[in-house]
Structure formats: structure tokens, C-alpha cells
Amino acid sequence: MRLKIIILMATALFCTVLYFLFRPENPQNAVTLAPVEEVEPEQPPPEQSAGATDWQPPRLTADNYESDYGPLPESLKDTRIPFDIRVDDQNHLIIEASLRRLFDYFFTLVGEEDVSQIKLRIEEILNRYLPEPARSEALQIFQEYVRVKEGEIRLRDQLAADYEASGRTVDLYERVRLLRDLRQSTLSPEVYDAFYAEEDKRALYSLERHALMQDESLSLEERNAALRELDQQLPESLRQAKEEEYIYQELQQQIELARDNGLPEEQIFQMRSEAYGPEAAGRYAEADREQAQWDLRVDTYREQRRAIMDSGLSAADQEAEIARLREQHFSGPELMRIEVIDRMYDQEGRP
């Protein structure tokens, strides 16, 4: 059962990756958009490196920004313009993901304004506030970024046409690899690392992880070993979180096996205490008791529900009786939960 849950979780993660790779796009939309930030209380400006220039980024919002191209549309009202760009002590641009966030902020206006005007807005704000040589460096990166996004649209359309013409199944690995190659070939290594390296790694990681979770030829031990090896691609902070997840899963498997073999709850408590400490073990034990009580209530309800369904009543009467039965056993959010359980059991043909 736990393996099934793990596989379902992996499938959900894969579906998320699939959505972001193939979601519908406005044909003019040349940007993967980032969330727009709402206006926040004044914060100290970002710290510059030792000996840095006196230049500081401006504090701008959609409401106070004055542009030669008119006020920003209402869709950006009450948002902060993420002008979080930094320069070094020689006024050279420090290349960071914040530059891409600034570009994407304005590109959220695609559909409300022409792409040509959006580009002019971005060039305007860079020209107005950045010192040289950071200004010229940022403008050059912006032109490269636009070429990348235009290339992504062409690539997406070409792949769609190829798949339709050949009848081939969509190959997500191919799409991710081609996107990565396009970005790497258009941007300098430093810009690619700041803008896309982490995103591309995560996309490939998600696809490879999904493939492992779906590989039924692997035993549980083989799958866990392969997943641990795959996790070496992740940053250190994420690798540590994944390792803790594996430790938890392995302990749960040991506990399930121990229960199947009749190990008393006192010893299971001891196993958890050694892994997490007595306080956490107590919380797990309480959660186990609550789960056992819930399972008993569900089993009792399901047995009475089966009796109604075997009673010979009409479909409408059965539905009314089952609704009353649910309200006898459950309340509040539990009613929605039991409806989901009923649908799941019925689809699987379970009693």
C-alpha cells in the first residue's frame, strides 16, 4: 500500500512537470512567467559586495513608476517592480536570476500590450536606472533572452508538427534536452547558470525519477538505490531532505513488517524513539491510534453501505439512504473524505 502511495505521489509530480512543459501559450508569449510580487513594506537595499559602488537599485512599484510609454496596466496594480539588480565596485553587472525576474515581470503583460512595447518598457527601465557598464551589459543579456524565448516558441511548434506528422508519442526527454541545448547555445555560460541551470536540472530529475518509479522490473531496494543515485544531481539542501525522506520510508517499511510479524506496539514505539526521539515517537503513536479509529469507522460504514446496496431499493432510495448513513458516521470535512473513499473503492471493485 505504501509503495502504491509513493508511486501516486511520483505520478502527481510528473503530471506537474508535464503541465509546465506543454501548457498552452499565447503565440506571442515568449516568456516563462514568474509570479508577480505584491508591494511589501520598505526593506533595506540588497547588500553590495565589499568595496562596492555607491549605486543602489531604485525602489519601484507599478503605481509610482513613470514611463514614456504610459502607466502600467491595472493587472500590475499594487505590485512591486522587482528591480533587484546588483553591480560590483566597478559598476559591472552582477549576473543573477533577479535580472530574469525583472524581464518576466514586464512580460506578464503579453496579451494586454504588444510585445514590441513591452520590450521598449524593459529597455527604458534598464537605460534609466542602471549605471554604465552595467546598463550595456544588461541590455545585451536582454537581447539574448528574447532570442531564447523566440527560439523556444519555434522549437515547441516544430516538435508539435513533427510529432503530428510522424505519429510519434511526445518525448518529454527530447523536449527538455532540446530546450536546454537552445538555452546553452544562445546564452553565455554565466547567464545560463543564473537563469536556467537549476530549472533544467529539476526538469530532467523529475522525468528520470518518474521513470524509475514506473519501472516494475525493479525491486523496492533496487528502486531506492537508483533514486539515491539520481538524487546526487540535486543541490545539497535538497539532497539532505531526500535522504531524510528515504530514512522515514525505510523505517515505515520496517514497522509494517514488524506489525505483520506480530511485534507489540511498545517495541514499535522504541524503534521510532531511536530514530526520532521519544516526543516524536509519541506523536506517531497518537497518529496511529487516530488512524486505527478512522479505519474502524470506515469499515463499519462500508459494511452498512453494502447492506443498503444489496437491499433491492431503487437507485434514488439507495442514494438517499447512503447519504443519511454518511451523516450518522461522519461530519464536516469527513463527509467529503468518505465520498472520495467510496468512489475510489467502487472504481477498484473493492467491497
In terms of heavy-atom contacts, does [atom1] of [X] have more than 12 from other residues, nucleotides or ligands at under 6.0 Å?
X: Glu174; atom1: CD; result: yes
X: Glu66; atom1: CD; result: no
X: Gln328; atom1: CD; result: yes
X: Glu229; atom1: CD; result: no

Which atom names give the shortest non-hydrogen contact between [X] and [Y], and what distance separates them?
X: Arg59; Y: Asn64; value: O-ND2, 4.0 Å
X: Glu96; Y: Phe195; value: O-CE1, 3.5 Å
X: Leu159; Y: Leu178; value: CD2-CD1, 3.9 Å
X: Ser67; Y: Arg121; value: OG-NH1, 3.4 Å
X: Ala281; Y: Ser273; value: CB-OG, 3.4 Å
X: Phe330; Y: Leu335; value: O-CD2, 3.8 Å

Classify the ring geometry between Phe107 and Tyr145 as parallel (under 30°), tilted (30 to 60°) or perpendicular (over 60°).
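Ring orientation, 0 to 90° scale: tilted.
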Using 30° and 60° as the class limits, which term best fits the ring planes of Tyr65 and Tyr129: parallel, tilted or perpendicular?
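Aromatic pair Tyr65/Tyr129 classed tilted.
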Centres of the Phe269 and Tyr284 rings: under 6.0 Å?
no
Whether [X] side chain and [Y] backbone form a donor-acceptor pair below 3.5 Å:
X: Glu137; Y: Leu93; value: yes
X: Asp114; Y: Gln117; value: no
X: Glu208; Y: Leu230; value: no
X: Asp88; Y: His92; value: yes
X: Asp63; Y: Asp78; value: yes

The test is salt bridge (Lys or Arg N to Asp or Glu O under 4.0 Å); show your working for Glu132 and Arg135 and say whether it passes.
CA-CA 5 Å; Glu132 285 289 2; Arg135 177 188 306 131; 3.3 Å; yes
Begin from the C-alpha positions of Asp104 and Arg100 and carry the test salt bridge (Lys or Arg N to Asp or Glu O under 4.0 Å) through to its verdict.
CA-CA 6 Å; Asp104 288 351; Arg100 180 186 172 190; 3.5 Å; yes
Determine, step by step, whether Glu334 and Arg326 satisfy the side-chain contact (heavy atoms from CB on, under 4.5 Å) criterion, reporting the C-alpha distance in whole Å, the side-chain angles of both residues, the deciding distance to 0.1 Å, and the verdict.
CA-CA 9 Å; Glu334 294 177 342; Arg326 284 175 178 157; over 6 Å; no
Please walk me through it: do Arg272 and Asp288 pass side-chain contact (heavy atoms from CB on, under 4.5 Å)?
CA-CA 12 Å; Arg272 283 173 168 159; Asp288 285 347; 2.6 Å; yes
Between [X] and [Y] (salt bridge meaning N to carboxylate O under 4.0 Å), is one present in this structure?
X: Lys119; Y: Glu150; result: yes
X: Arg156; Y: Glu152; result: no
X: Arg306; Y: Asp346; result: no
X: Asp342; Y: Arg305; result: yes

Hey, mind stepping through Arg259 and Glu256 against salt bridge (Lys or Arg N to Asp or Glu O under 4.0 Å) and telling me if it holds?
CA-CA 5 Å; Arg259 282 192 171 129; Glu256 289 180 7; over 6 Å; no
Are any non-hydrogen side-chain atoms of Ile81 and Ile125 less than 4.5 angstrom apart?
yes
Taking a hydrophobic cluster as the set of Ile, Leu, Val, Met, Phe, Trp and Tyr residues connected by side-chain heavy atoms closer than 4.5 Å, whether directly or through intermediates, do Ile141 and Leu182 fall within one such cluster?
no
Mind checking whether Ile308 and Ile341 sit in one hydrophobic cluster, side chains of I, L, V, M, F, W, Y counted as touching below 4.5 Å?
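Ile308 clusters together with Ile341.
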Glu112-Ser75 side chain donor-acceptor pair, cut-off 3.5 Å:
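Distance-only check passes for Glu112 and Ser75.
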Taking the six-membered ring of Trp294 (Phe, Tyr or Trp), confirm whether the NZ or CZ of Arg337 is under 6.0 Å from its centre and within 45° of its axis.
yes
Can you see whether Tyr196 has Arg183 sitting over its ring - NZ or CZ less than 6.0 Å from the centre and within 45° of the normal?
yes
According to side chain to side chain donor-acceptor pair (under 3.5 Å), who are the partners of Ser185, at least two apart in sequence or on a separate chain?
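For Ser185, no residue satisfies side chain to side chain donor-acceptor pair (under 3.5 Å) once neighbours in sequence are set aside.
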Rounded at 0.5 Å granularity, tell me how far CD in Glu190 sits from CD1 in Ile95.
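The CD atom of Glu190 sits 3.5 Å away from the CD1 atom of Ile95.
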Between Glu327 and Arg324, does a salt bridge (Lys or Arg N to Asp or Glu O under 4.0 Å) hold up when you go through it step by step?
CA-CA 5 Å; Glu327 292 180 355; Arg324 281 193 288 270; over 6 Å; no
Before giving the answer on side-chain contact (heavy atoms from CB on, under 4.5 Å), spell out for Glu123 and Leu139 the whole-Å C-alpha distance, their side-chain angles and the decisive distance to 0.1 Å.
CA-CA 7 Å; Glu123 291 172 352; Leu139 288 168; 4.0 Å; yes
Show, in sequence, the C-alpha distance, side-chain angles and deciding distance for Arg209 and Asp231, and conclude whether the side-chain contact (heavy atoms from CB on, under 4.5 Å) test is met.
CA-CA 9 Å; Arg209 183 178 177 85; Asp231 288 346; 4.0 Å; yes
